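Below is one structure; the comments refer to it alone.
Letters A, B, ... are given to chains in the order of the sequence lines, protein chains preceding strands, and every chain is numbered from 1. This structure is a prediction, so every number in the text was calculated from the model and none was measured.
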Protein chains: 2
Amino acid sequence: MPRVGLTRERLVEAGCDLADREGFAVLTLAELARMFEVKLASLYSHVRNSDDLKAGVALRALDLLADRADEAVAGRAGKEALVALAEVHRHFAGEHPGLFEAARFPLSAEQAVGSGGARLARAMLAALRGYGLAEADQVHAVRLLGSFFLGFSLLELGGSFAHSQPEPDLSWQRGLDALDLTLKSWTTT
Amino acid sequence: MPRVGLTRERLVEAGCDLADREGFAVLTLAELARMFEVKLASLYSHVRNSDDLKAGVALRALDLLADRADEAVAGRAGKEALVALAEVHRHFAGEHPGLFEAARFPLSAEQAVGSGGARLARAMLAALRGYGLAEADQVHAVRLLGSFFLGFSLLELGGSFAHSQPEPDLSWQRGLDALDLTLKSWTTT
DNA sequence: CCGCAAAACCTAATGGTAGTAGGATAGAAA
DNA sequence: TTTCTATCCTACTACCATTAGGTTTTGCGG
């Protein structure tokens with residue numbers, strides 16, 4: 001039989017596609033084996049176990065998100081940077097629901113340190129630079145923004161806004177306006 | 001053999017306990033059958049399938065959360081109401097991580113309409129009453145608050161704040177201060 | 001008190017996912 | 001050409017979910 005040429009890389013890559021197409025819950029070693037027309041047991045030479053694969057997909061998702069965040073923040077400041085960063089989150093959630101879910105897969109501390117998560121936080125800090133916050137307040141602001149981005153995207157994706165007027169877009173806009181105002185008038189404690 | 005006296009009620013009840021003790025992922029029909037010392041197949045007389053049970057737990061979680069929200073908002077207004085409502089969310093997430101996760105289990109439209117989710121939204125609206133927002137802005141404010149509460153709780157629970165100073169409590173405080181200010185100075189479009 | 005019907009619970013089977021142990025082999029290097 | 005090793009396989013165990021259809025308990029009407 002001809003060898004397919006499996007690789008951890010290829011598995012994670014295919015896992016990303018699969019998660020995005022069918023949802024993170026469908027991301028299973030068995031499904032991946034079917035896609036490569038290979039027996040399930042064969043995958044264990046390249047991947048420690050199911051969670052290992054999912055962690056790989058999660059790390060890739062975080063990296064992709066961080067890439068976009070870096071790009072969005074570059075050359076912008078103030079509200080423009082804030083909005084660009086926000087759109088990155090919401091669009092990513094909308095276009096890659098599987099990866100967006102994967103990005104919240106629990107990672108070990110070692111996996112987390114070098115991940116895109118840290119880079120994402122740095123991009124947020126950079127986006128805030130224009131607001132001139134005190135050093136000590138920057139973390140709080142990052143957490144506020146991160147919470148809103150994540151929460152809103154999740155609720156929208158989960159359909160929580162589906163059965164109440166008006167369009168989520170408007171709420172998103174108003175939310176960003178409000179956050180911008182908050183950051184501009186941030187009072188140091 | 002003596003009959004255990006299974007009921008959909010008792011199953012959902014036990015499911016809530018189990019989810020809270022061991023996590024929502026452990027909530028499985030097989031585990032429940034073991035707890036009641038009953039064969040797995042026996043559960044299907046009381047519950048349509050695994051998702052049906054999880055939906056039951058989810059609805060109960062939403063109800064519980066809505067109960068606490070109603071209680072927190074009653075007799076309070078303005079920032080006091082806002083903070084009380086916020087604490088309900090964060091404490092609920094901290095004390096009942098399993099139920100908190102369950103509350104985000106995807107529900108069908110029919111299940112969702114009469115659920116605690118709607119009541120929760122009403123409690124939020126009530127909490128906002130003191131800020132005197134225009135009718136059209138209230139939804140946006142509710143969505144802003146809901147997003148922050150959810151996002152922050154998730155990030156904290158997921159350990160995203162664990163490896164950066166300072167304590168999440170302070171960020172939470174500052175975030176609520178910021179939201180309070182935002183609501184007070186909300187400008188109608 | 002008795003019989004019977006519905007409810008409660010069971011046995012038995014199927015099929016899907018995860019994971020381990022150990023064997024066969026393709027393909028490259030010696 | 002021979003040998004070696006990564007690659008992939010067979011064969012198994014152990015979970016969970018679900019359905020079909022059988023048996024026993026229980027309580028209610030007679």
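- Checked against side chain to side chain contact (heavy atoms under 4.5 Å, CB included), Glu101(B) has the following partners two or more places apart in sequence or in another chain: Phe24(B).
- When the side-chain nitrogen and oxygen atoms of Ser42(B) are compared with OP1 and OP2 of dC10(C), one or more of them lie within a distance under 4.0 Å.
- Shown here are the side chain to side chain donor-acceptor pair (under 3.5 Å) partners of Glu9(A), two or more places apart in sequence or in another chain: Arg60(A).
- In this view, Ala141(B) and Leu128(B), Leu133(B), Leu183(B), Trp186(B) satisfy the side chain to side chain contact (heavy atoms under 4.5 Å, CB included) rule, not counting sequence neighbours.
- Cluster annotation: Leu53(A) is connected to Tyr44(A) through the hydrophobic network of ILVMFWY side chains, with a link wherever side-chain heavy atoms come within less than 4.5 Å.
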Between N or O atoms, less than 3.5 Å apart, protein on one side and nucleotides 15-19 of chain C on the other: list the pairs.
unit_1  : atom_1 : unit_2   : atom_2 : d
dT17(C) : OP1    : Arg34(A) : NH2    : 3.1
dT17(C) : OP2    : Arg34(A) : NH1    : 3.3
dT17(C) : O3'    : Thr28(A) : OG1    : 2.9
dA18(C) : OP1    : Thr28(A) : OG1    : 3.1
dA18(C) : OP1    : Ser50(A) : OG     : 3.4
dA18(C) : OP2    : Thr28(A) : OG1    : 2.5
dA18(C) : OP2    : Leu29(A) : N      : 3.1
dA18(C) : OP2    : Ala30(A) : N      : 3.2
dG19(C) : OP2    : Tyr44(A) : OH     : 3.3
dG19(C) : OP2    : Ser50(A) : N      : 2.7

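- Every residue two or more places apart in sequence or in another chain that forms a side chain to side chain donor-acceptor pair (under 3.5 Å) with Arg8(A) is listed here: Asp52(A).
- Pairs engaging residues 50-102 of chain B under the ring-ring contact (aromatic ring centres under 6.0 Å, His included) rule: His89(B)-Phe149(B), Phe92(B)-His96(B) [sequence neighbours left out].
- Stem analysis of DNA chain D (Watson-Crick or G-U pairs, both distances under 3.5 Å, runs of at least three) returns C:1-30 with D:1-30.
- The side chain to side chain donor-acceptor pair (under 3.5 Å) search around Lys184(B) returns Asp180(B), not counting sequence neighbours.
- Remark: His46(B) is not in phosphate contact with dA7(C), judged by side-chain N or O atoms under 4.0 Å from OP1 or OP2.
- For DNA chain C, the residues of residues 5-13 of chain B within the heavy-atom distance limit of 4.0 Å (strictly under) are Gly5(B), Leu6(B), sorted by number.
- Between Leu43(B) atom CG and dC10(C) atom P the separation is 9 Å, expressed in whole Å.
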Distance-only check: which donor-acceptor pairs under 3.5 Å involve side-chain atoms of residues 113-122 of chain A, not counting sequence neighbours?
unit_1    : atom_1 : unit_2    : atom_2 : d
Ser115(A) : OG     : Ala112(A) : O      : 2.8
Ser115(A) : OG     : Gly117(A) : N      : 3.1
Arg119(A) : NE     : Asp70(A)  : OD2    : 3.1
Arg119(A) : NH1    : Asp63(A)  : OD1    : 3.2
Arg119(A) : NH2    : Asp67(A)  : OD1    : 2.2

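- Scored by the side chain to side chain donor-acceptor pair (under 3.5 Å) test, Asp17(A) finds no partners at all (sequence neighbours excluded).
- Residues satisfying the side chain to side chain contact (heavy atoms under 4.5 Å, CB included) test with Ser50(A), not counting sequence neighbours, are Leu29(A), Lys54(A).
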